[in-house]
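Have a look at the structure below before the remarks.
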Amino acid sequence: MKYKGIIFDLDGVICSTDHYHYLAWKALADRLGAYFDETINNRLRGVSRMASLDIVLERYDGQLSEEEKLAAAEEKNSTYRELLKQMSPADLAPEVKAALDWLRAQGLLLGIGSSSKNTKFILERIGLGDYFDKISDGTNITRSKPDPEVFLKAAAFLGLEPKDCLVVEDAKAGVEAALAAGMDAAAIGDAVSCGLATYNLTRFSDLIDCVKD
Ligand code: B16
Ligand code: MG
């Protein structure tokens with residue numbers, strides 16, 4: 001195998017939470033009277049919660065204090081977590097689970113590198129609560145992607161050197177973060193068009209070809 005470990009982004013790679021993020025931000029934006037649509041929602045991919053709020057507030061005419069911003073982010077998060085309760089193991093694609101099992105069977109360590117503070121909750125909802133060897137997420141970082149912190153911590157948790165890790169990402173900021181960490185990056189979905197990744201995946205199972213010597 002070309003790598004010793006694979007670090008997966010969560011939202012947009014292992015499962016799709018985009019629509020729930022959209023509905024929760026839309027509910028907040030509607031209450032504030034700010035315009036919000038799917039195009040703006042796409043800009044929030046891989047971006048931390050507070051940085052996402054700043055993007056949502058670009059279309060807000062008023063001014064929020066720091067305290068009000070924290071309350072607004074909390075309001076969005078509680079709507080989002082309510083929506084996440086609709087997720088179940090049916091939201092884990094069989095193709096994704098089969099590829100993960102194949103990678104594990106090759107002896108590769110599998111980790112998560114996500115900006116989300118809801119990572120463990122989402123993994124439990126889709127039936128992967130105890131699946132990954134290590135998790136680095138929004139609860140253990142101080143800097144958002146494209147900063148490499150989340151992936152460097154994931155590699156350290158796995159006990160691996162960055163050069164021995166491959167990151168799988170759906171956001172340009174995530175691909176940049178992986179490369180800045182000194183890791184190879186496989187882009188899927190939205191991230192393919194940035195043209196920066198080591199590999200571009202058409203589907204999740206293409207990953208199998210990327211890791212073979
Ligand atoms: P939370 P990822 C990211 O997850 C999402 O893509 C992004 O839209 C979200 O704002 C961010 O997590 C923070 O999520 O509010 O749950 O802490 O793609 O890095 O797995
Ligand atoms: Mg993502």
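Every number for a ligand or one of its atoms is a count from 1 in the order of the listing. Nothing here was measured: the structure is a model prediction, and the numbers come from that model.
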Handout entry: Residues clustered with L179, ILVMFWY side-chain links under 4.5 angstrom
Key =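 Under the 4.5 Å side-chain rule, L179 groups with V175, L196.
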Handout entry: Aromatic ring proximity, centroids under 6.0 angstrom, Y35 and Y60
Key =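 Not close enough - the centres of the two rings lie 6.0 Å or further apart.
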Exercise for the section: Kindly write out the residues that satisfy side chain to side chain donor-acceptor pair (under 3.5 Å) with D91, not counting sequence neighbours, or none if the list is empty. Expected result: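 In terms of side chain to side chain donor-acceptor pair (under 3.5 Å), with neighbours along the sequence ignored, D91 is linked to no residue.
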Practice task
Measuring from the Mg ion (ligand 2), name the closest N, O or S atom belonging to D170.
Solution key: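 For D170, the N/O/S atom sitting closest to the Mg ion (ligand 2) is OD1.
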Problem - Contact list for residues 192-213, test ring-ring contact (aromatic ring centres under 6.0 Å, His included), sequence neighbours left out - result: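 Applying ring-ring contact (aromatic ring centres under 6.0 Å, His included) to every pair that reaches into residues 192-213, excluding sequence neighbours, yields F8-F204.
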Practice task
Please calculate the O(D11)-the Mg ion (ligand 2)-OD2(D9) angle and round it to 10 degrees.
Solution key: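 About 80° at the Mg ion (ligand 2).
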Exercise for the section: Find the distance between CD (E161) and NZ (K4) and round it off to the nearest 0.5 Å. Expected result: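 Those atoms lie 7.5 Å apart.
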Handout entry: Sidechain-backbone polar pair: K212 side chain, M1 backbone, donor-acceptor under 3.5 Å
Key =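 Not a single qualifying donor-acceptor pair exists.
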Handout entry: Amino acids contacting ligand 1, non-hydrogen cut-off under 4.0 Å
Key =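 Residue list for ligand 1: D9, L10, D11, H21, L44, R45, G46, V47, R49, S52, Y80, S114, S115, S116, K117, N118, K145.
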Problem - F36 six-ring centre to R59 NZ/CZ under 6.0 Å and within 45° of normal - result: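 Verdict for F36: no cation-pi partner in R59.
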